[in-house]
Amino acid sequence: MSRADVVVVGSGASGMTAALALAPLTVALVTKTPTLCGGASPMAMGGIAAAVGPDDDPFHHGADTIAAAAGLADPEAVKALVHDGPKAIARLVLEGTRFDRGKDGHLALGREAAHSRSRIVRAGGDGTGAEVVRALAAAVLSSPRIDVRAGLFTEDLVCEGGQTRGIRTRDARGVAATHPADAIVLATGGIGRIFAETTNPVAATGDGLAIAARAGAKLADLEFVQFHPTALAVASDPMPLVTEAIRGAGAVLVDERGRVMTIDGWQRAELAPRDVLAWEISLRLARGERIALDARSLGAERLGREFPAVLRACRAAGYDPCRDPIPVAPAAHYHVGGVAVDLRGRTSVEGVWACGEVACTGAHGANRLASNSLLEALVFGARAAEDIRRRLGRSSVRSFGASGGAAFGEPVGRPSPRWERRLRAATSRGLGIVRDGDGIRAALADFDALSPEAGDGEARNMVLVGRLVAAAALVRAESRGAHRRRDLPDRDARFTSRLARTAEELLAGALV
């Protein structure tokens, strides 16, 4: 395999942002999906939070981010996120992203839960992720210095003498290959597929987290799995997302009698932070109640214009939001924790950077503010690239010519449906919204029992990630943000900073 200066693993918003920002270095962009439009990024509906409005600034955006983070946000990471946000939007505009605009030509800005300002930049109403990926993919595919290597499953890092030398991959036919490089960027996305109910695509199997864990990288805050409060409650896998923006636009949550849902301490329940709202809805569902989202006040014309994807998903499931409230339920949506990185995207493993959902920058704390996910991918993808350019300190003369690579469909190592159902059921039982020590320990035992059958590929990664999340949830003996334990319902002042540990340290700590 031809040598590149940098290998980027993952083709979502963070991976493609990093690849483009690495110029003039040559980049091998390796993805297990058949094309650049796989993964979770194209599914992002809400938009990108950025302080670009006339009544907004990074201070207010930062304050909202910290308020939602349940006392665990890293102020410096938040500062980097919100200050670089407007620049990230400007870069996307230059890349040809077609953001929604008002009649005056300025960006149309929406509002979502826990935001004090209208600052959500959108495209195609609720099609922001798809449009961002389209623009980034077009730029990547037109670059002669980026070689897209699709349909390749990354198994592990290649390390020699304490230095990372590249990655090892396998294609759907079982053919192995090594991709040498001077720097590696992990941009592989989240872990939602380990849960039975999730909004994440099939590809979200925690590969980058598992790869980093096996390499001895520090991991942080793995227990914080954010459940989106309003997935469409239908028998679909993944569950269709009902974007938070629709609540910001005026839709309200109601119970089965049509009464507006209330939460103590919040004037409007539908605009409470995600952890608060997901917890409340889960408790009500557990009592046998039903919760629905009533968007009828928005009208058919506005729903069709601003939320076409939601409208299509609801109608495909047999519901019409223009006429009736639609049933909703929480679903695993975003992994707040991940591979511990600094403000430059550096991991604790020499020669390896991480960005996007696989990374834990500390900016989200214990609970991510709505629409800060795409923002973090864009900001820290660019930051990692800048650091690598400075580190390598040279310009490559290599050119790959036309970008593309082969596409092979499903990667090697897909878990068997039966094994996957068992793992996902165990994860949801022990690591769902409502947790306790006994349930977490039971999940750990289930993962240990499933490990011998995992084999290679995604299954090996999924069971390792499940064990690590369970270990982290057991070690954090408190309730905070997206991590709630009914046996330990209060916050504990001993846990006011990131718990950055290796996989070995985490698993050992859980056995104490």
Side-chain angles (χ1 to χ4, degrees), residues 1 3-10 14-15 18 28-32 152-170 176-191 194 204-222 335 337-342 344-361 380-381 384 387-388 391-392 411-413 447 451 454-469 471-472 498-510:
M1 192 65 69
R3 183 179 183 83
D5 296 319
V6 186
V7 167
V8 175
V9 185
S14 61
L29 183 58
V30 178
T31 177
K32 69 179 181 180
L152 298 178
F153 179 77
T154 300
E155 295 186 313
D156 273 310
L157 300 173
V158 176
C159 300
E160 297 176 2
Q163 177 66 40
T164 304
R165 303 296 183 186
I167 63 168
R168 185 174 64 251
T169 66
R170 193 174 298 274
T178 297
H179 306 252
D182 298 320
I184 308 298
V185 179
L186 297 176
T188 53
I191 66 169
I194 72 171
T205 52
D207 301 325
L209 180 59
I211 288 167
R214 287 192 290 269
K218 292 283 187 179
L219 315 171
D221 298 344
L222 302 187
H335 195 201
V339 185
V341 297
D342 63 16
R344 299 163 295 185
R346 293 184 185 180
T347 74
S348 61
V349 177
E350 183 66 25
V352 180
W353 286 253
C355 55
E357 192 173 350
V358 71
C360 180
T361 64
F380 283 90
D387 189 56
I388 293 170
R391 173 71 73 89
L392 298 187
V412 68
F447 296 142
S451 290
D456 296 325
E458 290 178 330
R460 177 176 71 143
N461 292 340
M462 291 171 75
V463 74
L464 174 57
V465 167
R467 293 179 70 217
L468 291 172
V469 173
R498 287 199 295 172
L499 299 179
R501 302 178 179 180
T502 64
E504 184 178 8
E505 291 167 341
L506 265 179
L507 292 172

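This structure is a prediction, so every number in the text was calculated from the model and none was measured.
Tested against His179, the residues Ile184, Leu152, Val158 include a single side chain to side chain contact (heavy atoms under 4.5 Å, CB included) partner, Leu152. When the options Thr169, Val352, Ile167 are evaluated for a side chain to side chain contact (heavy atoms under 4.5 Å, CB included) with Val9, the one that passes is Ile167. In summary, of the residues considered (Val8, Ile211, Val358), a side chain to side chain contact (heavy atoms under 4.5 Å, CB included) with Thr188 occurs for Val358 alone.
Across all non-hydrogen atoms, the minimal contact from Gly466 to Ile194 is CA-CD1, 4.1 Å. Taking both residues in full, the closest heavy atoms of Gly337 and Cys360 are given as C-CB, 3.9 Å, listed atom of the first, atom of the second, then distance. Across all non-hydrogen atoms, the minimal contact from Gly208 to Val339 is O-CG2, 4.4 Å. Ala4 approaches Ala28 most closely through the heavy-atom pair CB-N, 3.6 Å. The two atoms that bring Phe447 and Val463 nearest to each other are O-CG2, 3.4 Å, heavy atoms only.
With sequence neighbours excluded, the residues that form a salt bridge (charged side-chain N to carboxylate O under 4.0 Å, His left out) with Arg346 are Asp387. Annotation: side chain to side chain donor-acceptor pair (under 3.5 Å) contacts of Asp156 (sequence neighbours excluded): Arg214, Arg460. Taking Asp207 as the reference, Lys32, Thr205, Asn461 meet the side chain to side chain donor-acceptor pair (under 3.5 Å) condition, with sequence neighbours excluded.
Counting only heavy atoms from C-beta outward, the side chains of Leu222 and Leu209 approach each other to under 4.5 Å. Side-chain atoms of His335 and Val465, non-hydrogen and from C-beta on, never get closer than 4.5 Å to each other. Taking 4.5 Å as the limit, some side-chain heavy atom of Cys355 sits within range of a side-chain heavy atom of Val185.
One distance of note links CG of Leu507 with CG of Leu464; it measures 7.5 Å at 0.5 Å rounding. To the nearest 0.5 Å, atoms CG (Leu186) and CG (Leu157) are separated by 6.0 Å. We find the CG-NZ distance between Asp342 and Lys218 to be 14.5 Å, quoted to the nearest 0.5 Å. Put simply, CZ on Arg170 and CD on Glu155 are 4.5 Å apart, with the number rounded to the nearest 0.5 Å. Within the model, atoms CG of Asp5 and CZ of Arg3 stand 8.0 Å from one another, a figure rounded to the nearest 0.5 Å. Note: Thr347 OG1 to Trp353 CH2 = 8.0 Å, rounded to the nearest 0.5 Å.
Looking at Asp182, its side chain never comes within 3.5 Å of a backbone N or O of Val6 through a donor-acceptor pair. Side-chain N or O atoms of Ser348 include none that pairs as donor or acceptor with a backbone N or O of Ala217 at under 3.5 Å. Between the side chain of Glu504 and the main chain of Gly216, no donor-acceptor pair closer than 3.5 Å is present.
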